[in-house]
Amino acid sequence: MKNKEVAQILDEIAALLEIKGENKYKIAAYQEAARRIENLPEDIERLFKQGKLYQIKGIGESIGQKIKEYLTTGKVSYLEELRKEIPPEILELLKIPGIGPKLAYRLYAELGIKDIDSLEKAAKEGKIRVLPRLGPKVEQNILEAIKEYREKQTVPERIPLGVALPLTEEIVNYLSQYPFIENIVPAGSLRRRKETIGDIDILITTSDMDRVNQVLKNLPILKNILAAGPTKTSIIVEPGIQVDFRVVEKSSFGAALQYFTGSKQHNIKLRELAIKKGLKINEYGVFRISDNKKIGGEKEEDIYEILGLQYIPPELREDQGEIESAMEGKLPNLVEERDILGDMHVHTDWSDGANTLEEMVEVAYKLGYKYVVISDHSQALGVAGGLTPEQIEKQRLKIQELNRKYRDFKILHSIEANILSDGSIDLPEEVLKNFDLVIAGLHSGFKQPKEKITERLVSAIKNPWVDIISHPTGRLINKRPAYEVDLPTILYWAKETGTVLEINAQPDRLDLCDIDARIAREKYGIYLSIGTDSHDIRSYSLIRYGIAVARRAWLQKEDIINTYPWEEAKLKLKRYRNQK
DNA sequence: GCCGTTTTCGGCCCGACTGTTTTCAGTCG
């Protein structure tokens, strides 16, 4: 997939045009096209080859030509020209908060500044304050911003949802105890459950911001305060994460929540829609343009209702077709945590889990599940104490025995088998066929070339005893990119063979990711499974991250196999279908 | 540069805050 590359190129063009002081709508058009392509639920190259490039919204004659040039020659001559005009190093200046394109260009043109070091030098020497419309305050702010920028360099860019969500809940719970805080709700990308978060936004209604600020100053995990005003307070909390608190009137709570939840593109779309209806939306409410009368905004649902839309769940608000669907009343009925009847991927201390089989089973039962899939590692994964055929047979008998103890609950015997470097599975067929189901995944040879990895996965997918592929792309958020794999080929064969793909709920995996999972279901009709990959009893709670991915992927209950009772779920697995 | 159940031309989301200015441009979210 070259979607990301293409998006980056368009973004760079936009940034360079911005510095040049080009028409802002032209710039916006490049940025818009970049966002569209980045979030496109399809391979841009494939679309191009099918001649469907211009079906993508935001891509017209001019941008389309540039994409075409890039996909065929690997270059964009327009961008090369721009780079000659403006050294791309100036783009580095834009990374300093407070420096936008206009200022960056002036600094370059008038002072010859083209990187952060020379910027710092000029600021220290007082060379910036002498320029018209710039003063000492600007210099000081630039120096502080550079200092902070350099400190931040060492910390990973975006915070994984698995870190941000518990932290936010901790803060919200803590603050909820104060009676003068009437309403407190997380907003932003956290509420949309994006896999990583920039900073945490929390919305508050209160009668007394002074006391709220007082409380925030004494927050146990407070590191420092960036700003504390009457409507907005920004702080840094212990792991170095920024939290913005915004205070609004109760009558504007819904509008503010909608606005601060975003995404930006989603909001822009809504506002355009509003204008066509003679309305204006801002964070205070919905207003009639003719007489400026406020007609809604206390509740978030107001905004969608007034625009004649179905209520759009936060996870869908990415301008990926949800507004159009809401208009037609065709939004999906998104899967919920309570729809899940069993965890599809669980380890025990038979391999590298921390808890015993009995403990893992008992907790799954107490959580109200109807079944649990015990899927320890198999022999090739020596470091994880992978099971040999003999151990597997023992475990099978143990599970058989354990199953007699439980009513209305089933322990399913599975394995997370390894796909070896030649694409074979590390257990013989006579062992594989005895499981209730088999999960297989790649745990080695990540550095192999794309063709090889794709081949291995396809070979596993074609294996009649492999029912589910675990963490199909192998990425670890902020740690390791996905291995090189041709996803469309994988999806094609999964569809052909009826193989299920996992949404692994470990917060550093979330694999398949939202975009890929949506493609898998929408374009290929593949079933997904959600498993926590638990290695201890506490990790069962991670299921909510898998649900978050599924919801962002527009998935409904029917799309996920472990929302079905086992007797129905199994009919969707390859081995049972083939037996029919 | 893109787009069209008010348009093939004339629009393109909205507001807060800051620093520099006497009315606003630039930046940010």
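Throughout, a chain's letter reflects where its sequence line sits, starting with A, and its residues are numbered from 1. All figures in this text were calculated on a predicted structure; none of them were measured in a lab.
- Here the separation of dA16(B) from dG11(B), taken at their P atoms, is 25 Å to the nearest Å.
- At a threshold of 4.0 angstrom between heavy atoms, the contacts of Asp244(A) with the nucleic acid are absent.
- Between the NZ atom of Lys57(A) and the P atom of dC12(B) there is a distance of 17 Å, given to the nearest Å.
- Taking 3.5 Å as the limit, the base of dG10(B) and the side chain of Tyr25(A) contain no donor-acceptor pair of atoms between them.
- The distance from atom CD of Gln258(A) to atom C1' of dG29(B) is 14 Å, rounded to the nearest whole Å.
- Checking side-chain atoms of Asp302(A) against main-chain N and O of Glu298(A) turns up a donor-acceptor pair under 3.5 Å.
- Within the structure, the side chain to side chain donor-acceptor pair (under 3.5 Å) test picks out the following pairs touching residues 3-16 of chain A (sequence neighbours left out): Glu5(A)-Tyr70(A), Asp11(A)-Arg35(A), Glu12(A)-Arg83(A).
- Counting only residues at least two apart or on different chains, the side chain to side chain donor-acceptor pair (under 3.5 Å) pairs with a member in residues 125-134 of chain A are Glu125(A)-Lys127(A), Arg129(A)-Glu139(A).
- For Glu337(A), the CD atom sits in a packed shell: over 12 heavy atoms of surrounding residues, nucleotides or ligands are nearer than 6.0 Å.
- Distances were taken from every side-chain heavy atom of Pro97(A) (C-beta onward) to each of dG1(B), dC28(B), dT27(B); the shortest belongs to dC28(B).
- Two residues are said to be in side-chain contact when any heavy atoms from C-beta on lie closer than 4.5 Å; Leu222(A) and Leu216(A) fail this criterion.
- The interatomic distance linking Ile281(A) (CD1) with dC13(B) (P) rounds to 13 Å, in whole Å.
- One interatomic measurement links the two molecules: CG of Leu103(A) to P of dG19(B), which rounds to 13 Å at whole-angstrom precision.
- Straight-line distance between the C1' atoms of dT18(B) and dT23(B): roughly 15 Å, to the nearest whole Å.
- For Ile142(A) and dG26(B), the CD1 to C1' distance is 12 Å, given to the nearest whole Å.
- For the P atoms, the distance from dT8(B) to dC12(B) is 16 Å, rounded to whole Å.
- Just one of Thr206(A), Leu175(A), Thr233(A) meets the side chain to side chain contact (heavy atoms under 4.5 Å, CB included) condition when paired with Val212(A); it is Thr206(A).
- Between Tyr30(A) and Pro101(A), the residue whose closest nucleotide on DNA chain B is further toward the 5' end is Tyr30(A).
- Interface residues of residues 267-278 of chain A facing DNA chain B, ordered by number: Ile268(A), Arg271(A), Glu272(A), Ile275(A); criterion, heavy-atom separation under 4.0 Å.
- Using a cut-off of 4.0 Å between Lys/Arg side-chain N and Asp/Glu carboxylate O, Glu45(A) and Lys2(A) are scored as salt-bridged.
- A donor-acceptor pair is defined here as one N or O able to donate and one able to accept, closer than 3.5 Å; such a pair exists between the side chain of Arg475(A) and the backbone of Arg509(A).
- Contacts between residues 282-321 of chain A and DNA chain B, counted as heavy-atom distances below 4.0 Å, involve Asn282(A), Glu283(A), Tyr284(A).
- Counting only distance, with no hydrogens or angles, the side chain of Gln556(A) and the backbone of Asn333(A) share a donor-acceptor pair below 3.5 Å.
- The partner of dT8(B), taking Watson-Crick or G-U wobble pairs whose two distances both stay under 3.5 Å, does not exist in any strand shown.
- Checking Asp199(A) against Lys280(A), the closest nucleotide of DNA chain B that is more toward the 5' end is the one next to Lys280(A).
- Separating the P atom of dC9(B) from that of dG15(B) is a span of 31 Å, rounded to the nearest Å.
- dC14(B) and dT20(B) are spaced 30 Å apart, taking the P atom of each and rounding to whole Å.
- Spacing between dC3(B) and dC13(B) at atom P, rounded to whole Å, works out to 14 Å.
- You'll find the side chain of Glu305(A) stays beyond 4.5 Å of the side chain of Leu309(A), heavy atoms only.
- Put simply, CZ on Arg246(A) is 15 Å from P on dC28(B), counting in whole angstrom units.
- Salt bridge present: Glu328(A) and Lys330(A) bring a charged side-chain N and a carboxylate O closer than 4.0 Å.
- Note: Tyr105(A) and Tyr108(A) have tilted aromatic rings, judged against thresholds of 30 and 60 degrees for the angle between ring planes.
- Residue pairs meeting the side chain to side chain donor-acceptor pair (under 3.5 Å) criterion with at least one partner in residues 318-327 of chain A, sequence neighbours excluded, are Arg36(A)-Asp319(A), Arg192(A)-Glu318(A), His266(A)-Glu322(A), Lys269(A)-Asp319(A), Lys269(A)-Glu324(A), Glu318(A)-Arg552(A).
- Listed by residue number, the members of residues 121-140 of chain A with any heavy atom below 4.0 angstrom from DNA chain B are Arg133(A), Leu134(A), Gly135(A), Pro136(A), Lys137(A), Val138(A).
- dG10(B) and dG19(B) have their C1' atoms separated by 34 Å, given to the nearest Å.
- Remark: Ser263(A) is not in phosphate contact with dG29(B), judged by side-chain N or O atoms under 4.0 Å from OP1 or OP2.
- We find that CD of Glu32(A) is positioned 10 Å from P of dC13(B), with the value rounded to whole Å.
- Atoms CZ (Arg36(A)) and C1' (dG1(B)) sit 14 Å apart, rounded to a whole Å.
- When the C1' atom is compared between dT6(B) and dG1(B), the two are found 23 Å apart, to the nearest whole Å.
- Base orientation for dT7(B): syn, the chi torsion being within 90° of 0.
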